[in-house]
Amino acid sequence: MAAPIWQKNTQETIDQTIMDFMAGEDIILDQELIHFDIQASKAHVNGLSSIKILDTDETQQLLKQLNTLQQEIEEGTFILSNQFEDGHSAIEFYLVEKLGELGKKVHTGRSRNDQVLVATRLYLKHALSQAIEHVKASVEACLFQAEKTESVPMPGYTHMQRAVPSSAGMWFAGFAEAMIDNLFSLNSTLKLIDSNPLGTAAGYGVNLPLNRELTTQELAFSRMQINPIYTQNSRGKYELAVLSTLSQCLLDIRRYCWDVSLFTTQEFDLVKLPDEMTTGSSIMPNKRNPDLIELMRASYATVQAAVIELQSILSLPSGYQRDLQLTKGPLLRAVNKALQTLHLFPRVVAGTQFNQEKLIEAIDTPMYATDFAVELSAKGIPFRDAYQQVAERYDELSSRTAQQSIEERVSPGSCNFLMLDVLKKRYLSMID
Ligand code: ARG
């Protein structure tokens, strides 16, 4: 490993086993963050330049090398390997190698504590913007399917028992509304975390008038995170906010996948998935398995596990503690899993094909009992009495059809009044 950036002299003892333990998987994880670290380093250089800590020539040289480093990482010519303690050290090592003494100036007025915070914050903002795009596509896919299947009857279950006729349109519209709610939540989490931690140094500020306004603007944060102690304490807290928003999306996806996995069984046979979304069995030639949606259903567990891991790590006093490094692994793992799942969800929605014949078959006559009781009570019979009467007049239900039942379901939000236009308007008001 290259000498740690904090090593004061060559006599200082460095125990490689201990160093390796402390670095852990940091260097691998930093591969995902280094781009944001470089971006923030450039803003920091510009900030130092604006308060005359760096002159114009020094600024230009540092910016140029940071850009080249970015390029070399993209091209694979600079590899973030475990010869470095972490990504932050790698950036400084590169600058010193290219620029000598000048390279060492990059760390003026900053600490790895605010450096990791700002890189993670930029990463989280980027991840949320991607999640927002996927959720928008999900809303659109669900609304499209809802419109298409508005008049397709489907059994409605409670306690997994046949209850009343429902419609495929209502089922899809429910997921559209869920995803619109998730969009609210994602947007508000994005607003919450849109706060610049750079310039708080180790968590107590520095004796320099750092231009935090400039770095806030340059990094496109909507505000500055002011108090350095709180800024440190928000590490993990903001990550948890992001994970909990993502897990809400995954909770809905889990429900969708659960329904579909059930509906694709031979027993239900209400839904078919396209071939590319199912797999064959290695031993049973007769099988097609819904592995994809099962794995998407399990994504929630990955994110929840990360939430618990983070919550456990965060039992800490104020200020930076190295424990916080361990938030990185679960965070990146969970965010990646969530984004992959959200990315696939609109395709799964578009690929969900209902079997109309089977849907009708699954709606049996007793399922019209509630319609009948409500009709009687609309004519003035107290509902409890109407309920009793229907129990004795089941034979009168046989002339009813599922189509009729869903056409008469006019309460707002229900089969014949899905209010898709209102959902659409709500959605459109939330996107640019
Ligand atoms: N890898 C460290 C982390 O993620 C970077 C910050 C190190 N800071 C320190 N004071 N040792 O927390």
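Values reported hereafter were calculated over all heavy atoms of this structure, with side chains retained and with hydrogens, waters and symmetry mates removed. Starting from 1, each residue takes its place in the sequence as its number. Counting starts at 1 for both ligands and their atoms, following the listed order.
In this structure, Arg235 is part of the shell of residues with a heavy atom less than 4.0 angstrom from ligand 1.
Within the listing of ligand 1, atoms 4 (O) sit less than 4.0 angstrom from a heavy atom of Val116.
Under the 6.0 Å distance and 45° angle rule, Lys125 counts as a cation-pi partner of Phe221.
Classification of the Tyr123-Phe36 ring pair by plane angle, with boundaries at 30° and 60°, yields perpendicular. Note on ring orientation: taking the six-membered ring where Trp is involved, the planes of Tyr94 and Phe78 are perpendicular (angle over 60°, cut-offs 30° and 60°).
When Thr120, Asp26, Asp86, Leu117 are ranked by how near their heavy atoms come to atom 1 (N) of ligand 1, first place goes to Asp26. Counting heavy atoms only, Asn113 comes closest to atom 9 (C) of ligand 1 of the residues Leu324, Asn113, Ile27, Leu326.
The proximity of Gln115 to ligand 1, defined as any non-hydrogen pair under 4.0 Å, does not occur for either the backbone or the side chain.
Atom 3 (C) of ligand 1 has its closest protein heavy atom at Tyr320 OH, 3.4 Å. Residue, atom and distance of the protein heavy atom nearest to atom 2 (C) of ligand 1 are Gln325 OE1, 3.4 Å.
For the pairing with Ser299, the side chain to side chain contact (heavy atoms under 4.5 Å, CB included) check across Leu246, Leu344, Thr341 returns one residue only, Thr341.
Ion pairing of Asp194 with Arg121 is absent here, as no side-chain N (NZ or NE/NH1/NH2) approaches a carboxylate O to less than 4.0 Å.
An N or O contact shorter than 3.5 Å is missing between His88 and ligand 1 by distance.
In this structure, Met277 and Arg347 have side chains that are in contact, with non-hydrogen atoms separated by less than 4.5 Å.
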